[in-house]
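Okay, so here's the structure we're looking at.
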Amino acid sequence: MLTAITGINWGDEGKGRMVDLLSSRYDIVIRYQGGNNAGHTVVNDKGKFILNLLPSGILRDGTVNVMGPGMVIDIEHLAGEMKRLTDQGIKITPDNLKISDRATICMPYHKLLDVLEEDRLGDAKFGSTRRGIAPVYADKYMKKSFRIGDLLDFEYIKKRMPGIIEWKNLTVHKGYGHEPIKAEDMISWLETYGLPIKDFICDTTQYLTEEIKKGKKIMFEAQLGALRDIDFGIFPYTSSSSSIAGYAPVGAGIPGEKLDDVCGIMKAYSSCVGEGPFTCELFGDAAFELREAGGEYGAATGRPRRVGGFDVPASKYGSLVQGATYIALTKLDVLSFYKKIPVCVKYDVDGVLTDKFPSGDKLNRAKPVYEYLDGWGCDISDCKKFEDLPKAAQDYVKYIEKAVERPIKYISVGAEREQYIEMDI
Ligand code: GDP
Ligand code: MG
């Protein structure tokens, strides 16, 4: 059984929370793209955890976690995250964490270049998390990056480092005028943070192939939503990796495998971190009350998130490109304060109404068309069955199901592990 669990919207849909819930049904959880640029928040019986790099299955005893070849890994950040979790009582050993030897290392100069470029852009900045993700993916495709497996062979690193640093300094030093990077500093950085993770490094493709033969159940965990995918998202305000489910087997290191199903995580309203078109955006008091109700501040950065009502064109498109077989609708409880719930039902693009999600500059010109659905005005966070929900909440769920043309299998009504409703579909 191979299941991808992916975001439908702009990210922060509650993927970490859903993976934490569903991971008990799987033997292995794999992260297949991205780096520490996003954050998942998980609240369970062990406490509250923020994960940037580690798969969410790390919080469950007996689940094996894999960091796949599609990832870019800042090993200094990884060391910090492993320490934080260990201090919180989580056991991390080579038995429950395996890091692909083919994953790419995000170096300190990638972070530096991210900062230098965002600062250079000033007001035209991309709103990057400044964690080096775009520069490291660029280097990967330039074939001038280091891979996790290289940490097992420092002679190889030492051989390649001077040439790569000479090339990097053409931009860092000669281009941006920053002081030059030194090869020996980078080698000692790799030694400091690489040596402690040596035992976790392996050929995860071999490992997973054997486990699949044994019939193990596998979950692929995406870190960003569909609308941040490099090809299908709101380019250029996307991430630099493929976050869609279709890429999951590739980025996980088992490119010959096919997914059995795709669980699309969709939020009952919208939020977006950083720059870029966000058609359904609410402003002023309307934004403030929704942001406060939903606690919409970034897990990785603490930045206030932009918020809006549920966005039909964007969510329908997100479900389509993810190939979602079913939906997990999250944060429905957040809407309980509304008398009338704002929903962006269509876009107005140059005077034409559409429920299709546009690309390019058309998306920048799109204006939201809002309608208002009945609110329920009471706490729903203890509801365990669909029938327990007030009629207006049931109608809201059914409205969304129809709008995105996918069945809703889970409804999350709170951040804690057991605060959810499972539907028969
Ligand atoms: P991710 O990046 O998709 O994993 O999502 P984040 O962790 O960045 O943001 C989701 C936030 O909403 C976290 O703080 C979760 O604890 C919280 N959360 C998830 N599901 C629910 C829910 O159903 N209700 C409420 N109130 N909070 C939720
Ligand atoms: Mg997040």
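One-based numbering along the sequence shown. As the structure is a prediction and not an experimental result, all values here were calculated from the model. Counting convention: from 1, in listed order, for ligands and their atoms alike.
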Find all atoms of ligand 1 within a distance of less than 4.0 Å from any non-hydrogen atom belonging to [X], and give their numbers and elements.
X	answer
Arg17	19 (C), 20 (N)
Lys15	1 (P), 2 (O), 3 (O), 4 (O)
Ser412	20 (N), 21 (C), 22 (C), 23 (O)
Gly16	4 (O)

Please confirm whether the backbone N or O of [Y] pairs with a side-chain atom of [X], one donor and one acceptor, at under 3.5 Å?
X	Y	value
Asn65	Asn96	yes
Arg31	Gly35	yes
Lys91	Thr86	no
Gln88	Lys48	yes
Arg306	Ala287	no

Legend entry - Residues Thr279 and Asp311: side-chain donor-acceptor under 3.5 angstrom: no

[X] and ligand 1 - part of the residue with a heavy-atom distance under 4.0 Å:
X	answer
Val413	backbone
Arg305	side chain
Asp333	side chain

Inset, instruction - Can you see which heavy atom on Gly375 is nearest to which on Ala392, and at what distance? - result: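 Nearest pair, atom of Gly375 first, then Ala392: O-CB, 3.4 Å.
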
Legend entry - Proximity winner for atom 17 (C) of ligand 1, if only heavy atoms of Lys331, Lys48, Glu296 are counted: Lys331

Inset, instruction - Taking both backbone and side-chain atoms into account, decide whether Gly39 has an N/O/S atom under 2.8 Å from the Mg ion (ligand 2). - result: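 Yes, Gly39 qualifies, because one of its backbone or side-chain N, O or S atoms lies under 2.8 Å.
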
Inset, instruction - Quick one: report the N, O or S atom of Asp12 that is nearest to the Mg ion (ligand 2). - result: OD1

Inset, instruction - Output yes when the distance from some N or O of ligand 1 to some N or O of Thr330 is under 3.5 Å, and no in every other case. - result: no

Inset, instruction - Flag Leu332 as yes when one of its N or O atoms lies below 3.5 Å from any N or O atom of ligand 1, and as no otherwise. - result: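 N/O-N/O distance below 3.5 Å does not exist for this pair.
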
Legend entry - ligand 1 contact by Gly414, heavy-atom criterion under 4.0 angstrom: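 Under 4.0 Å: yes for Gly414.
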
Legend entry - Gly39 near ligand 1 by a heavy-atom separation under 4.0 Å: yes

Legend entry - Distance, nearest 0.5 Å, that separates CG of Leu53 from CD1 of Ile99: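 Here the interatomic distance stands at 9.0 Å.
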
Inset, instruction - Just say parallel, tilted or perpendicular for the rings of Trp10 and Phe278, cut-offs at 30° and 60°. - result: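 Plane angle over 60°, so perpendicular.
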
